[in-house]
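Start at 1 with the first residue, then count along the sequence. These figures come from a predicted structure and were not determined experimentally.
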Amino acid sequence: MVPGNKTQISEFILLGFSEESALQSIIFGFFLSMYLITVFGNLLIIQAVNSNPHLHTPMYFFLSNLSFVDICFISTTIPKMLVNIQTQNKVISYEDCFTQIYFFLLFVQLDDFLLTVMSYDRYVAICHPLHYTVIMNARLCALLILVSWMIGALNSLLQTLLALHLSFCTVLEIPHFFCEFKEVIQLACSDTFLNKTMMYFAVGLLGGGPFAGICYSYSRIVSSIHRISSAQGKYKAFSTCASHLSVVSLFYCTVLGVYFTPAVTQNSHSSVTASVMYTVVTPMLNPFIYSLRNKDIKRALRKFFRMATILEPIVLRQKKC
């Protein structure tokens with residue numbers, strides 16, 4: 001970008017989805033509904049897993065972590081957007097923008113890592129069922145989660161600190177509903193070669209590496225399923241992976257569409273739509289895709305609601321006393 005009138009900026013302007021005031025209430029209601037569904041659905045999954053000892057297994061441990069990350073992920077962007085629509089103010093401060101960038105990068109990487117860990121869990125369960133409990137022990141599960149958080153936090157910090165050294169011109173409009181990292185870098189007047197290099201390197205390494213791991217896991221899974229003789233056995237094995245594979249496809253296709261489409265050919269509306277898919281739609285669908293089709297989760301949720309129904313009158317009587 002050609003340097004313009006450099007100034008000490010204090011805020012950015014988030015253009016959002018539409019300038020038409022008539023659509024703002026519709027957009028507000030639409031995204032508020034999706035946000036509440038996402039938070040409530042993922043909280044139910046976490047509660048169901050934690051309250052049922054039968055679900056204290058590696059698969060559900062990773063699922064509850066994914067639900068927690070999805071709540072944090074969507075909470076990084078949507079509440080600020082809803083506040084902006086409600087107050088009719090599109091401004092986000094410089095500090096809030098880069099804070100949002102840090103946490104957005106952190107949680108999108110954690111989503112990526114957890115999807116990879118879950119594919120490895122399914123690989124061990126299907127390809128090495130007799131050694132599953134030995135391989136996927138509690139120590140390894142905790143270590144996988146810890147390493148995911150550490151790598152995500154360090155990379156997010158590095159990318160954010162590099163971006164903080166950029167100088168910005170007077171054009172501070174972000175054609176997005178949040179401080180999307182790539183869009184913010186494109187607003188800079190100073191040289192962004194290092195930032196773009198590090199961004200694409202991180203996407204290639206921390207996105208491409210896990211994606212390769214997922215592809216390898218599923219190639220082995222497909223090979224193992226092919227060797228199962230009974231049709232029922234094949235269906236049972238594949239059904240445990242189909243939901244995960246569909247979410248992986250949705251997540252990776254939209255992320256790659258945003259970060260690997262050239263800025264010259266990329267339409268701002270298509271970029272925003274792709275971002276909505278992996279920042280809002282995917283976290284909202286995860287509880288349904290992963291869990292509500294799962295008999296164990298359904299049983300745990302029924303038990304949880306039954307206990308809540310029993311305990312509610314007791315709590316009300318105690319308050320009256």
Side-chain angles (χ1 to χ4, degrees), residues 37-38 41-46 48-49 52 54-74 107-129 132-133 135-136 140-141 144-145 147-148 152 206-228 232-257 277-301:
I37 290 170
T38 302
N42 282 289
L43 281 176
L44 276 180
I45 299 306
I46 293 171
V49 172
N52 193 325
H54 296 292
L55 299 183
H56 293 176
T57 62
M59 182 176 76
Y60 294 113
F61 171 70
F62 295 134
L63 180 59
S64 63
N65 274 273
L66 181 68
S67 294
F68 173 74
V69 169
D70 280 341
I71 292 172
C72 297
F73 189 22
I74 196 171
F107 292 122
V108 76
Q109 288 169 101
L110 284 171
D111 248 7
D112 183 22
F113 293 151
L114 284 171
L115 289 173
T116 307
V117 168
M118 292 173 76
S119 69
Y120 176 71
D121 173 75
R122 292 298 82 205
Y123 157 70
V124 176
I126 293 173
C127 299
H128 305 283
Y132 178 73
T133 54
I135 297 172
M136 300 302 296
L140 177 62
C141 293
L144 289 171
I145 297 297
V147 170
S148 297
L206 303 180
F211 182 68
I214 291 172
C215 291
Y216 174 77
S217 296
Y218 274 105
S219 66
R220 297 297 301 273
I221 287 170
V222 169
S223 178
S224 295
I225 291 175
H226 184 71
R227 290 197 296 268
I228 298 175
Q232 185 179 1
K234 288 182 177 180
Y235 174 78
K236 185 177 180 181
F238 183 75
S239 63
T240 63
C241 306
S243 299
H244 175 260
L245 192 57
S246 63
V247 173
V248 166
S249 302
L250 177 64
F251 179 81
Y252 271 97
C253 287
T254 51
V255 170
L256 292 175
M277 292 302 292
Y278 77 88
T279 60
V280 182
V281 176
T282 301
M284 182 182 68
L285 292 179
N286 281 349
F288 301 96
I289 294 175
Y290 282 119
S291 308
L292 298 183
R293 293 175 59 191
N294 185 295
K295 292 181 180 179
D296 293 332
I297 290 290
K298 284 183 178 179
R299 195 178 301 115
L301 288 173

Report yes if the side chains of [X] and [Y] come closer than 4.5 Å at any heavy-atom pair, otherwise no.
| X | Y | result |
| --- | --- | --- |
| Cys215 | Phe211 | yes |
| Leu66 | Asp70 | yes |
| Tyr252 | Asp112 | yes |
| Ser217 | Arg122 | no |
| Phe73 | Val108 | yes |
| Leu114 | Phe68 | no |
| Tyr132 | Asp121 | yes |

Where is the tightest heavy-atom contact between [X] and [Y], given as atom of each residue plus distance?
| X | Y | value |
| --- | --- | --- |
| Leu140 | Met136 | CD2-SD, 4.1 Å |
| Val69 | Phe107 | CG1-O, 3.7 Å |
| Ser119 | Ile214 | OG-CG1, 3.5 Å |
| Pro287 | Met284 | CD-O, 3.2 Å |

d(His244 NE2, Ser249 OG) to nearest 0.5 Å is 9.5 Å

Between the CG atom in Asn65 and the CG atom in Leu144, the distance rounded to the nearest 0.5 Å is 10.5 Å

Can a donor-acceptor pair be found, under 3.5 Å and without considering hydrogens, that links the side chain of [X] to the backbone of [Y]?
| X | Y | value |
| --- | --- | --- |
| Thr282 | Met277 | yes |
| Asn42 | Pro283 | yes |
| Ser67 | Leu63 | yes |

Check this for me: His128, atom NE2, are more than 12 non-hydrogen atoms of other residues, nucleotides or ligands nearer than 6.0 Å?
yes

Geometric class of the Phe251/Tyr278 ring pair [parallel <30°, tilted 30-60°, perpendicular >60°]:
perpendicular

Please determine whether side chain to side chain contact (heavy atoms under 4.5 Å, CB included) holds for the pair Ile145 and Phe113, giving the CA-CA distance in whole Å, both sets of side-chain angles, and the decisive distance to 0.1 Å.
CA-CA 9 Å; Ile145 297 297; Phe113 293 151; over 6 Å; no

Start with the C-alpha gap between Phe61 and Val117, add the side-chain angles, then the distance that decides, and say whether side chain to side chain contact (heavy atoms under 4.5 Å, CB included) holds.
CA-CA 11 Å; Phe61 171 70; Val117 168; over 6 Å; no

Side chains of Arg220 and Ser224: is there a donor and an acceptor less than 3.5 Å apart?
no

From the options Ile45, Thr38, Ile46, select the one residue that forms a side-chain contact (heavy atoms from CB on, under 4.5 Å) with Ile71.
Ile46

